[in-house]
Trainee: 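Following this message is one structure expressed as structure tokens.
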Amino acid sequence: MAWVLQITMALYAVGLLHSLFGFYQKRKLFINLALILVVAGFASHTAFLILLGIERRHFPITNLPESLCFFAWSLTLTFIVAYFRYKINVLGAFVLPLVSSLMILSELAWEENQAIPPILKSNWIYFHGSVAFLAYAAFFLTFISGVLYLIQEKELKSKKFRFFYFRLPSLQVCDELLRRSLFAGFVLMSITIITGAFWAQQAWGHFWSWDPKQTTSLITWA
């Protein structure tokens, strides 16, 4: 099964290189090739997570390496959805570096047959865990779109159109992506907090205990 992960990492890495080439040279061919490679990598990534879950008989987010791998999957999903919705050619050059870095860190920290904490042996982890990672992926997309907006705004205000001006999307596109991704992240984080409270009630007997994960999620939501 390790070969599936290796293929995934290779596809993401080559896709990242094509995205960077496309961003620098403004070549649509590189962008299209990058998208094909990333979609293929996402498919193999999905297959790897399914096979891993079947082999280990649990949802693959019970330890740090699995969580990094699943977060990379969530980021790739949001990238693909955002690209097909807004056609932002430069998006891959800003999102895919984190995806590739997470996959490398996951590979370096990988552990076989690690014991699962008893609290994670719950059906809540399937929905709660997935929604939480998708929420953070949406927030990361909000961060990227905010950065793109600020860079483009600075270019326009300076009235000296340089490297970034001719490569970044318009302020309107950046603003719409920012608002949509922020709204999606807020809704998903709200669901995360609610389902986490019900899980806490089942595990500890009360809905809220100011656990570090609960508190961090609440601060992010606020």
Side-chain angles (χ1 to χ4, degrees), residues 5 42 45-46 48-50 52-82 94-147 149-150 177-222:
L5 182 60
F42 179 76
H45 197 167
T46 304
F48 172 76
L49 291 173
I50 293 173
L52 182 65
I54 293 173
E55 181 186 90
R56 297 189 173 183
R57 297 183 179 181
H58 65 254
F59 195 54
I61 56 171
T62 59
N63 56 49
L64 178 60
E66 291 178 356
S67 297
L68 292 173
C69 188
F70 191 84
F71 186 40
W73 180 88
S74 302
L75 287 170
T76 308
L77 176 61
T78 57
F79 161 72
I80 293 173
V81 171
F94 289 84
V95 176
L96 295 180
L98 179 59
V99 173
S100 298
S101 299
L102 289 171
M103 295 299 292
I104 292 172
L105 290 174
S106 176
E107 176 72 10
L108 292 175
W110 198 259
E111 298 178 4
E112 296 293 342
N113 302 320
Q114 187 183 55
I116 305 174
I119 193 174
L120 297 181
K121 296 179 180 179
S122 170
N123 290 330
W124 279 108
I125 195 173
Y126 292 95
F127 184 74
H128 172 79
S130 300
V131 172
F133 277 106
L134 289 172
Y136 285 118
F139 285 141
F140 179 73
L141 193 61
T142 303
F143 165 71
I144 292 298
S145 56
V147 170
Y149 185 99
L150 291 173
L177 177 60
L178 190 152
R179 288 187 294 105
R180 294 287 180 86
S181 59
L182 180 60
F183 176 77
F186 180 78
V187 171
L188 291 171
M189 184 55 66
S190 300
I191 297 172
T192 298
I193 293 172
I194 293 171
T195 55
F198 280 106
W199 190 359
Q201 167 65 22
Q202 183 186 74
W204 300 322
H206 41 80
F207 288 101
W208 197 266
S209 61
W210 296 104
D211 176 82
K213 290 187 290 293
Q214 291 178 321
T215 305
T216 303
S217 298
L218 183 62
I219 292 172
T220 304
W221 180 86

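All residue numbers in this chain count up from 1 along the given sequence.
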Trainee: Which heavy-atom pair separates Phe42 from Thr76 by the least distance, and what is that distance?
Mentor: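 What the structure gives for the nearest pair is CD1-CG2, 3.7 Å.
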
Trainee: Contact between Ser67 and Phe133 at the side-chain level, heavy atoms closer than 4.5 Å - yes or no?
Mentor: yes

Trainee: Mind checking side-chain hydrogen bond (donor to acceptor under 3.5 Å, both in side chains) for Trp221 and listing every partner two or more places apart, or none if nothing turns up?
Mentor: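 Applying side-chain hydrogen bond (donor to acceptor under 3.5 Å, both in side chains) to Trp221 gives Ser190.
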
Trainee: Looking only at atom types and distance, does a side-chain atom of Thr78 sit under 3.5 Å from a main-chain N or O of Leu75, one as donor and one as acceptor?
Mentor: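 Yes, the answer is positive, given that a donor and an acceptor are paired below the 3.5 Å cut-off.
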
Trainee: According to ring pair (Phe, Tyr, Trp, His ring centres under 6.0 Å), who are the partners of Tyr126, at least two apart in sequence or on a separate chain?
Mentor: Phe59

Trainee: Rounded to the nearest 0.5 Å, what's the gap from CG on Leu102 to CH2 on Trp73? Could you check?
Mentor: 14.5 Å

Trainee: Could you walk me through whether Phe71 and Ser106 satisfy the side-chain contact (heavy atoms from CB on, under 4.5 Å) test, starting with their C-alpha distance in whole Å, then the side-chain angles of each, then the deciding distance to 0.1 Å, before giving a yes or no?
Mentor: CA-CA 10 Å; Phe71 186 40; Ser106 176; over 6 Å; no

Trainee: Keeping to residues at least two apart or across chains, list the salt bridge (charged side-chain N to carboxylate O under 4.0 Å, His left out) pairs with something in residues 178-191.
Mentor: Asp175-Arg179, Glu176-Arg180

Trainee: Might you point out which heavy atoms bring Gly129 and Ile61 nearest each other, and give the distance in Å?
Mentor: CA-CD1, 3.6 Å

Trainee: Any donor-acceptor pair under 3.5 Å linking the side chain of Thr220 with the backbone of Thr216?
Mentor: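 Side chain of Thr220 to backbone of Thr216: a pair is present.
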
Trainee: Check whether any side-chain heavy atom of Tyr136 sits under 4.5 Å from a side-chain heavy atom of Ser217, and report yes or no.
Mentor: yes

Trainee: Kindly indicate, with the supporting measurements, whether the criterion ring-ring contact (aromatic ring centres under 6.0 Å, His included) is fulfilled by Phe207 and Phe198.
Mentor: CA-CA 6 Å; Phe207 288 101; Phe198 280 106; 5.6 Å; yes

Trainee: Counting C-beta onward and ignoring hydrogens, is there a side-chain heavy-atom pair between Ser181 and Phe139 closer than 4.5 Å?
Mentor: no

Trainee: How close do Gln214 and Ala200 get, heavy atom to heavy atom, and via which atoms?
Mentor: NE2-CB, 3.6 Å

Trainee: Please tell me if the side chains of Leu5 and Met103 come closer than 4.5 Å, counting only heavy atoms from C-beta onward.
Mentor: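 Contact flag for Leu5/Met103 side chains = yes.
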
Trainee: Of all heavy-atom pairs between Thr62 and Ile125, which one has the smallest distance, and what is that distance?
Mentor: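 Looking at all heavy atoms of both residues, the closest pair is CG2-CD1, 4.2 Å.
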
Trainee: Tell me, do Cys69 and Phe48 make a side-chain contact under 4.5 Å, heavy atoms counted?
Mentor: yes

Trainee: Using side-chain hydrogen bond (donor to acceptor under 3.5 Å, both in side chains) as the criterion, list what pairs up with Thr195, not counting sequence neighbours.
Mentor: His128

Trainee: Can you confirm whether Trp210 sits close enough to Leu218 that some side-chain heavy atom of one is under 4.5 Å from a side-chain heavy atom of the other?
Mentor: yes

Trainee: According to salt bridge (charged side-chain N to carboxylate O under 4.0 Å, His left out), does anything in residues 62-75 pair up with another residue at least two apart or in another chain? List the pairs.
Mentor: Arg56-Glu66

Trainee: Residues in ring pair (Phe, Tyr, Trp, His ring centres under 6.0 Å) with Phe94, at least two apart?
Mentor: Phe23

